[in-house]
Amino acid sequence: MTFNFDTPPDRRGTDSQKWQKYAGRDILPMWVADMDFETAPAIVEAIQRRAAHGIFGYSRPVKSTVDAVLGALASRYRWQVDPSWLVWLPGLVCGLNVAIRAFTEPGDVVLSLSPIYPPFTIAPVGQGRVARNVPLALNTAAGRWEVDWSALEAAVTSRTKVLLLCHPHNPVARVWSREEIAWLANFCARHDLVLCSDEIHCDLLLEPGAVHEPVGVVAPGESARTATFMAPSKTFNVPGLGASFAIIPDAALRAKYVRATAGIVAEVNVFGYVACEAAYRDGEPWRMALVDYLRGNRDFLKDTISREIPGVKIEAPIEATYLAWLNVAALDLANPVKFFEAAGVGLSDGVPFCAAPGTHVRINFGCPRSTLAEALSRMSAAVGAR
Ligand SMILES: Cc1ncc(COP(=O)(O)O)c(C=O)c1O
């Protein structure tokens with residue numbers, strides 16, 4: 001079966017957060033992590049069938065939904081997950097906030113590796129905890145972002161309680177290796193930290209043959225201190241349906257986590273469960289085609305930037321996701337986002353990701369190639385006309 005990723009859907013005037021931001025202005029939105037693709041036909045059909053039922057009461061996952069999730073974890077990652085380990089969540093950021101409440105006290109320190117997806121720092125700070133970001137190191141010889149192991153060790157204090165890991169990493173698009181994950185699990189064990197691993201981008205690996213190594217598979221011996229977070233939302237472009245889950249093998253850790261959800265975490269809605277089941281059970285052909293398409297977009301982005309947009313640099317390979325972290329420091333702009341908005345392209349500012357002002361922006365290339373080409377041509381013209 002072939003799928004059409006080339007035709008731009010018209011999302012103007014819809015409920016799309018991504019497109020509403022620039023309503024009435026000729027600015028292509030390339031910011032929030034939401035793709036301009038219709039989701040898999042299998043998901044659309046499953047939702048239509050569920051809608052026809054006409055009753056939308058409070059829901060719980062049925063066995064076939066749980067089986068679809070567990071089946072995907074087993075076949076893709078060789079991870080045998082017991083159904084009791086799953087905690088369903090209406091969103092992954094919500095799940096990270098719950099983890100902070102459950103596993104730390106006010107004043108405790110939460111570590112993450114920066115630059116980093118903003119909720120990793122907003123969640124601890126918003127709840128009276130301390131966010132400590134340890135900068136990743138750009139290894140130019142190896143051509144990749146790496147953990148600065150000695151800086152990470154040096155950052156730990158007696159108040160440090162959690163490491164929030166983004167795996168694969170948003171925004172630098174690193175796919176952490178088995179060795180790196182094993183080391184991080186060992187680091188958490190040595191310092192008695194809970195390892196919370198956000199693996200929302202794990203099904204969007206762009207290198208042929210690349211393998212996602214879940215923390216739960218690499219370090220089963222540390223399962224008493226690990227919580228893994230996954231969702232079909234990024235991969236299948238269904239973030240508006242809000243279905244995510246935590247995998248917490250240890251009963252005591254899970255009980256702590258579930259207690260922290262009480263009264264404040266909403267149910268997953270009926271369509272979220274339906275989409276989740278269809279995604280993991282029937283969505284694989286669509287996902288494979290999507291990853292191929294995104295790989296093409298990634299290569300196009302890389303070539304176009306290096307050929308046509310001097311002063312903008314992709315510092316390391318984009319191994320996963322549909323998000324690229326661009327170094328724009330050489331352009332010497334006070335506000336790169338405003339500059340590119342004036343040129344008709346809406347990017348994410350690097351500052352909330354912990355980048356220094358004026359140095360980085362993030363571009364979302366999860367869109368038809370023609371949209372990406374138009375955005376890059378606008379950026380190139382703006383840079384050329386400076
Ligand atoms: C690493 C990461 N975690 C979580 C989310 C958002 O998850 P949700 O929309 O389920 O809160 C994103 C979205 O971009 C993300 O990149």
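In listed order, ligands and their atoms are each counted from 1.
Scanning the protein heavy atoms around atom 6 (C) of ligand 1, the nearest turns out to be Tyr117 OH, 3.2 Å. Closest to atom 10 (O) of ligand 1 among all protein heavy atoms lies Leu92 N, 2.7 Å. The closest protein non-hydrogen atom to atom 11 (O) of ligand 1 is Val93 N, 2.9 Å. Scanning the protein for heavy atoms near atom 3 (N) of ligand 1, the closest one is Asp198 OD2, 2.6 Å. The protein heavy atom nearest to atom 9 (O) of ligand 1 is Lys234 NZ, 4.6 Å.
Those atoms of ligand 1 that come under 4.0 Å of a heavy atom in Cys166, given as number and element, are 1 (C). Atoms of ligand 1 found under 4.0 Å from any heavy atom of Asn170, numbered from 1 in the order shown, are 15 (C), 16 (O). Every atom of ligand 1 with a heavy atom of Ala33 under 4.0 Å away is listed here by number and element: 14 (O). Atoms of ligand 1 lying under 4.0 Å from at least one heavy atom of Ile200, given by number and element, are 1 (C), 2 (C), 3 (N), 4 (C), 5 (C), 7 (O), 15 (C). Under a 4.0 Å criterion applied to the non-hydrogen atoms of His201, ligand 1 contributes the atoms 1 (C), 15 (C), 16 (O). In the vicinity of Gly91, heavy-atom distances shorter than 4.0 Å reach the ligand 1 atoms 10 (O), 11 (O).
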* Between Phe353 and His360, does a ring-ring contact (aromatic ring centres under 6.0 Å, His included) hold up when you go through it step by step? -> CA-CA 9 Å; Phe353 293 78; His360 287 83; over 10 Å; no

* Check the pair Phe271, Phe56 against ring-ring contact (aromatic ring centres under 6.0 Å, His included), reporting the backbone distance first and the verdict last. => CA-CA 9 Å; Phe271 296 111; Phe56 309 111; 5.4 Å; yes

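In this structure, Arg25 fails the cation-pi test against Trp19, since its NZ or CZ atom is not both closer than 6.0 Å to the six-membered ring centre and inside 45 degrees of the ring normal. Geometric assessment of Lys21 against the ring of Trp31 yields a positive cation-pi assignment under the 6.0 Å and 45° thresholds.
Of the listed residues (Pro135, Cys166, Pro171), just one forms a side-chain contact (heavy atoms from CB on, under 4.5 Å) with Ser114, and that residue is Pro135.
There is a side-chain donor-acceptor pair under 3.5 Å between Asp6 and Tyr293.
When all heavy atoms of Val268 and Leu89 are compared, the pair lying nearest together is CG2-O, 3.3 Å.
A 4.5 Å side-chain heavy-atom check between Phe5 and Asn297 finds every atom pair outside the cut-off.
By the definition of a contact as any protein heavy atom under 4.0 Å away, atom 14 (O) of ligand 1 is in contact.
Asp332 has no carboxylate O lying under 4.0 Å from a charged side-chain N of Arg386, or vice versa, which leaves the two without a salt bridge.
Using 4.0 Å as the threshold, Ala231 has no heavy atom nearer than that to any atom of ligand 1.
Among the atoms of Leu96, none of the N or O lies under 3.5 angstrom from an N or O of ligand 1.
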